[in-house]
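A short write-up of the structure that comes next.
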Amino acid sequence: MPELPEVEVTRRSFAAAIENATVQAVQLGKPLRWPLGCLPEQLLGRCVRSVGRRGKYLLLQLDQGVLLLHLGMSGSLRFAPVLPAAGVHDHFDLVTSQGILRLHDPRRFGAVVYVDNLAAPMAHKLLGRLGPEPLGDAFELAGFQAQLKRHQMAIKSVLLAGEAVVGVGNIYASEALFQAGIRPTVSAARLSRPRVARLHAAIVKVLDQAVTLGGSTLRDFSSASGQAGYFQLQTMVYGRAGLPCHVCASPVRLIKQGQRATFYCVTCQKS
DNA sequence: AGATGTCCCTGGAAGC
DNA sequence: TGCTTCCAGGGACATC
């Protein structure tokens with residue numbers, strides 16, 4: 001499932017190649033999570049200025065308006081001069097003067113949404129409430145601690161909510177908490193300052209490493225250029241229920257928090 | 001207001 | 001073997 005690192009790797013894999021391309025056609029497949037928000041014809045002739053990212057959203061900055069792309073949990077992008085005819089799971093083709101950008105998404109949790117407001121695309125409701133970028137300067141310790149103080153919920157759930165920090169999904173939440181030695185069930189507000197500092201550092205480290213390795217959590221993940229061969233990151237706890245912890249050999253425990261799987265080591269993450 | 005539950009969707013795994 | 005059920009996930013929305 002694409003989390004922030006996979007989205008960032010995808011962005012880097014086609015951002016330069018699509019820059020200054022002109023939209024020549026738009027082909028839609030089955031409905032995605034949300035409607036496009038404009039008629040496909042309205043996009044014709046527009047120029048792709050740049051490809052940015054906010055959390056797990058990719059932002060195709062056009063000369064007028066922005067296309068928001070979300071990969072959901074099974075989505076992937078391809079960008080190539082020529083692509084085979086769209087298959088049953090190909091739901092969005094942006095045909096440009098420099099190649100075809102295609103969203104492939106079997107489970108259709110992904111989305112492509114057009115936002116007209118060029119001046120303040122961040123004000124869009126999908127982006128407005130997102131917390132700071134974990135790999136940017138805005139993610140500083142004092143603010144992070146202040147956010148955690150506001151929530152009595154379990155720290156794992158607070159991380160997933162995306163207010164304290166954006167882009168930390170289910171996999172990296174478990175991994176970062178393991179690295180910080182913090183039990184996922186502990187109330188966010190009750191974490192001491194040194195422990196918040198450790199968690200802050202762990203989040204940055206885990207995500208940064210995953211981006212460097214090329215978006216590693218998705219077994220069949222490939223970048224938009226079609227380059228495969230990822231999956232290099234060995235998770236410490238995620239998906240390892242019952243297996244020995246890589247550090248202390250205690251069996252990794254699996255619990256449910258808010259209908260989602262959480263993995264942790266009872267020995268390495270005592271409280 | 002904050003916290004919790006529900007829903008969307010479908011391929012693959014697990015259970016019978 | 002063939003069927004059914006369950007599960008995974010992000011994020012908006014509804015409901016306590």
Side-chain angles (χ1 to χ4, degrees), chain A residues 1-8 10-11 28-37 53-59 68-77 86-92 103-113 115 122-134 146-177 184-190 203 207 210 215-222 231 233 235 237-243 252 254-263:
Chain A
M1 46 302 309
E3 295 199 19
L4 186 145
E6 288 78 11
V7 176
E8 176 61 19
T10 297
R11 189 191 70 80
L28 302 178
K30 290 184 187 172
L32 291 162
R33 179 166 189 163
W34 299 301
L36 180 58
R53 180 186 59 76
R54 185 73 179 91
K56 295 172 189 170
Y57 291 93
L58 287 173
L59 279 61
L68 306 183
L69 279 77
H70 199 294
L71 302 180
M73 62 173 290
S74 59
S76 60
L77 288 176
V88 286
H89 298 311
D90 298 326
H91 306 303
F92 181 81
L103 175 65
H104 174 89
D105 187 3
R107 297 186 198 176
R108 293 194 280 134
F109 264 44
V112 182
V113 177
V115 180
M122 291 301 181
H124 190 270
K125 63 175 181 177
L126 292 173
L127 304 176
R129 286 189 211 138
L130 297 183
E133 285 290 327
Q147 279 291 330
L148 297 191
K149 275 275 174 280
R150 294 180 54 232
H151 298 283
Q152 309 301 316
M153 275 192 298
I155 179 62
K156 159 82 180 324
S157 302
V158 173
L159 289 179
L160 287 186
E163 258 185 274
V165 60
V166 75
V168 179
N170 208 35
I171 296 170
Y172 293 112
S174 281
E175 291 299 306
L177 285 166
T185 51
V186 172
S187 163
R190 296 175 73 87
I203 289 169
L207 292 179
S216 39
T217 54
L218 194 64
R219 273 164 220 282
D220 55 356
F221 176 71
S222 61
F231 198 63
L233 182 80
T235 61
V237 285
Y238 185 86
R240 302 194 63 249
L243 297 174
V252 171
L254 166 62
I255 60 171
K256 286 267 183 181
Q257 288 180 291
Q259 341 284 77
R260 284 195 166 77
T262 299
F263 300 85

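Order of the sequence lines fixes the chain letters, A, B, ..., with proteins taken first and strands second; residue numbering starts at 1 for each chain.
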Discussion item. If you compare all heavy atoms of Gln257(A) against all heavy atoms of Ser157(A), which two are closest, and at what distance to 0.1 Å?
Written reply: CB-OG, 4.3 Å
Practice prompt. Examine the base of dG11(C) for any acceptor or donor lying under 3.5 Å from a partner atom in the side chain of Arg33(A), and report the outcome as yes or no.
Written response: yes
Discussion item. Any side-chain to backbone donor/acceptor pair from His151(A) onto Met153(A)? Under 3.5 Å, distance only.
Written reply: no
Practice prompt. Kindly point out which of dG5(B), dA12(C), dC8(B) is positioned nearest to the side chain of Gln259(A)?
Written response: dG5(B)
Worksheet entry | Nearest-angstrom distance from the residue atom NE2 of His70(A) to P of dC8(B) | 19 Å
Practice prompt. Classify the nucleic acid contact of Gln152(A) as base, sugar-phosphate or nothing, counting any heavy atom under 4.0 Å across all strands shown.
Written response: sugar-phosphate
Response to the item:
note: Ile171(A), atom CD1; dC7(C), atom P; distance rounded to Å ~ 18 Å
Worksheet item: Going by an N to O cut-off under 4.0 Å, is there a salt bridge joining Glu6(A) and Lys56(A)?
Response: no
Practice prompt. Specify the residue among Arg107(A) and Leu130(A) whose closest nucleotide of DNA chain C lies further upstream toward the 5′ end.
Written response: Arg107(A)
Practice prompt. Take the protein atom CD of Glu3(A) and the nucleotide atom P of dA8(C), then report the distance between them rounded to whole Å.
Written response: 14 Å
Discussion item. Taking 4.0 Å as the cut-off, does a side-chain nitrogen or oxygen of Arg150(A) come that near to OP1 or OP2 on dG2(B)?
Written reply: yes
Worksheet item: Between atom CG in Leu68(A) and atom C1' in dA12(C), what is the gap in whole Å?
Response: 15 Å
Worksheet item: Has Arg108(A) got a side-chain N or O lying under 4.0 Å from the OP1 or OP2 atom of dT10(B)?
Response: yes
Worksheet item: Below 4.0 angstrom from OP1 or OP2 of dT10(B), is there any side-chain N or O of His89(A)?
Response: no
Worksheet entry | Nearest-angstrom distance from the residue atom OH of Tyr172(A) to C1' of dA8(C) | 16 Å
Discussion item. Heavy atoms only, 4.0 Å cut-off, all strands: where does Gly162(A) land among base, sugar-phosphate and nothing?
Written reply: nothing
Worksheet item: If you measure only the distance, is there a donor-acceptor pair under 3.5 Å linking the side chains of Asp90(A) and His104(A)?
Response: yes
Worksheet item: At under 4.0 Å, does any side-chain N or O of His151(A) touch on OP1 or OP2 of dG2(B)?
Response: no
Worksheet, complete the sentence: Between NZ of Lys30(A) and P of dC9(B) the distance, given in whole Å, is 11 Å
Worksheet entry | Separation of atom CG in Leu69(A) from atom C1' in dG11(C), rounded to whole Å | 16 Å
Worksheet entry | Below 4.0 Å: OP1/OP2 of dG5(B) and any side-chain N or O of Lys256(A) | no
Discussion item. Quick check against the 3.5 Å criterion: does Asn170(A) have a side-chain atom that pairs as donor or acceptor with the backbone of Ala261(A)?
Written reply: yes
Worksheet item: Separation of Lys149(A) atom NZ from dA1(B) atom C1', in whole Å?
Response: 19 Å
